[in-house]
Amino acid sequence: MSESVQLETIAATAGVGTDPAFRSVAPPLHLSANYAWNDPLDKPQYDYARSGNPTRSQLEEALCALEGAAKGVVVSSGMAAVDLVLNLVNPGELVIAPHDCYGGTHRLLTARGKRGQFDIEYVNQTDIEALRTAFTRKPKLVLIETPSNPLLRITDIAAVVELAKECGAITVADNTFLSPALQRPLELGCDIVIHSTTKFLNGHSDVVGGAALAKDQKLGDDLAWWANCTGVTGAPFDSFMTLRGIRTLFPRIERQQKTAEDVVNALSENKRVVAVNYPGLKAHPGHEIAKRQQKGFGSMFSVEFDESVDVIEFLRKLQTFTIAESLGGFESLVCLPAEMTHAAMTPEARETAGISNRLVRFSIGLEHTDDLVRDIFSALEQAAAAGDEKVAFLPNKAASKCA
Ligand code: PLP
C-alpha cells in the first residue's frame with residue numbers, strides 16, 4: 001500500500017480483497033499447519049505454519065504499516081512479545097525498564113534477571129535525572145511503557161531515544177495502552193514497538209496475542225528468527241480475528257476516548273476522589289509530553305479514592321463495569337491492580353512504583369457515558385461509609401477539565 005494512504009484506511013482495508021482464488025472480500029483463513037513443496041530442493045514461501053503462514057503475514061503487514069515498521073512478527077501474547085525482544089540481550093548486558101510497568105512484564109524481567117540472562121535496572125522513567133544516571137551503566141536495551149500500566153505515567157520517548165542513541169542501546173516501546181491510532185513510537189525514534197494485541201488492536205476480548213515490530217529490516221529479521229526458533233509465533237485463527245478487530249480500531253478508540261474524558265471529568269469533580277490518573281487532565285504531570293507525542297489521551301485511567309470509600313465494596317457494587325483483567329476491549333472493565341494485574345510484583349516493588357492497594361484501574365468501552373457514570377456514582381455511594389454526605393449523581397459537564 002502506498003505511503004500516502006492514511007492509517008484509518010490501512011486499518012479498515014487490511015487484508016480485504018487479497019484472495020486470488022475466489023476474490024472473497026474478507027480474506028480467507030489459512031489454518032493449515034504445513035504447505036506442500038513442489039520439489040525437495042524448492043522451498044515454498046510457506047512451508048510450516050510456525051515459521052510463517054499467509055493469515056499471520058496479513059496481520060504482520062497491517063501492523064507494520066500502522067506502526068511504520070519494516071518488519072514485524074506476530075506472537076502468541078503480549079508477554080511473548082516482551083520475552084522475544086529479551087533474546088537480543090546477552091548475559092552481563094543491562095536492561096533498563098520502568099519501575100511501574102505492567103506486573104507481568106515486571107515479573108518476567110525480574111525472573112530472567114535473577115537467572116543471570118541479563119542485568120535489570122528499574123527506573124522511574126518520568127525522572128530524566130534518574131534516567132541519565134541509569135544510562136551511565138550503558139544499557140543494551142531500554143524498555144519504555146507509556147502511558148504506564150496502571151498509573152498512566154508518561155515517559156518522554158524522544159528524550160529516552162536520545163540517551164539510548166548515545167550508548168547504542170536498543171529502544172523498545174510497549175504501545176499497548178494507545179495503539180498506533182494514538183501513538184507511533186517508531187516515528188519518535190524507537191527501534192522496536194511491542195504490543196499486547198489482546199487489547200485495543202483486537203479490541204473484542206476474544207484473542208490473546210502480541211506483536212514485535214522493528215523499524216529496521218535486520219532487527220525485524222532477528223525477531224522473526226527468534227520467534228520461529230522459540231516457537232512463540234501467533235496462531236492463524238488468532239491472527240484472523242485480530243486483523244478483523246483492527247478494521248474498527250480507529251472509530252472504537254475515538255469513541256472510547258471521548259467517553260473516558262467525560263467519565264474522568266465527572267470523577268474529578270467528586271469529593272471522594274483523591275487522584276485521577278489520566279494524561280488528558282491539564283494537571284497531569286505528563287500532560288504536555290502526552291500532547292506532544294500522542295494523538296489523543298486514550299481510554300485508560302486509574303483512580304485513588306479517599307478513606308471514606310471501601311474500595312472492594314465499590315468494585316462489588318459496579319454493574320455495568322465488569323471486574324476483569326485486560327483492557328482495551330469493547331466492554332468497560334475495572335480492576336484492582338494490587339490484587340490482579342500487578343499481584344505478581346512484591347508489595348515493596350508495588351510501593352516503589354506507587355501502586356497502592358486502593359488504586360482502581362478503569363478501561364472504558366463502548367457503552368453510553370451516562371450509564372457508566374451512573375454506575376460509578378451509584379457504586380461509590382453504596383461503598384461510602386454510612387452517614388457520609390451523598391455524592392453527586394450526574395456529571396457536571398460544564399466543569400470539564402480535560403484539555
Ligand atoms: N504490556 C502491557 C502494557 C500490558 O498491559 C499487558 C497485559 O495486560 C501485556 C504487555 C501482556 O500482554 P498479554 O496479556 O497479551 O500477554
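The figures here come from the full heavy-atom set of this structure, side chains too, leaving out hydrogens, waters and symmetry mates. Atoms within each ligand, like the ligands themselves, are counted from 1 in listed order. One is the number of the first residue; the rest follow in order along the sequence.
Between Tyr46 and His30, the ring center distance fails the sub-6.0 Å criterion. Separation of the His287 and Phe297 ring centroids falls under the 6.0 Å cut-off. Aromatic rings of Tyr35 and Tyr48 (six-membered ring for Trp) have centroids beyond the 6.0 Å cut-off, not under it.
No side-chain donor from either of Thr233 and Arg50 sits under 3.5 Å from a side-chain acceptor of the other.
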May I have every N or O pair linking ligand 1 to the protein at under 3.5 Å, one per line with atom names and distance?
residue, atom, partner, partner atom, Å
ligand 1, 1 (N), Asp174, OD2, 2.6
ligand 1, 5 (O), Asn149, ND2, 2.9
ligand 1, 8 (O), Lys199, NZ, 2.9
ligand 1, 12 (O), Ser196, OG, 3.1
ligand 1, 15 (O), Gly78, N, 2.9
ligand 1, 15 (O), Ser196, OG, 2.8
ligand 1, 15 (O), Thr198, OG1, 2.7
ligand 1, 16 (O), Gly78, N, 3.1
ligand 1, 16 (O), Met79, N, 2.9

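Proximity of Asp206 to Met241: side-chain heavy atoms (C-beta onward) are separated by under 4.5 Å at one or more points. Looking only at side-chain heavy atoms (C-beta outward), His106 and Thr110 come within less than 4.5 Å of each other.
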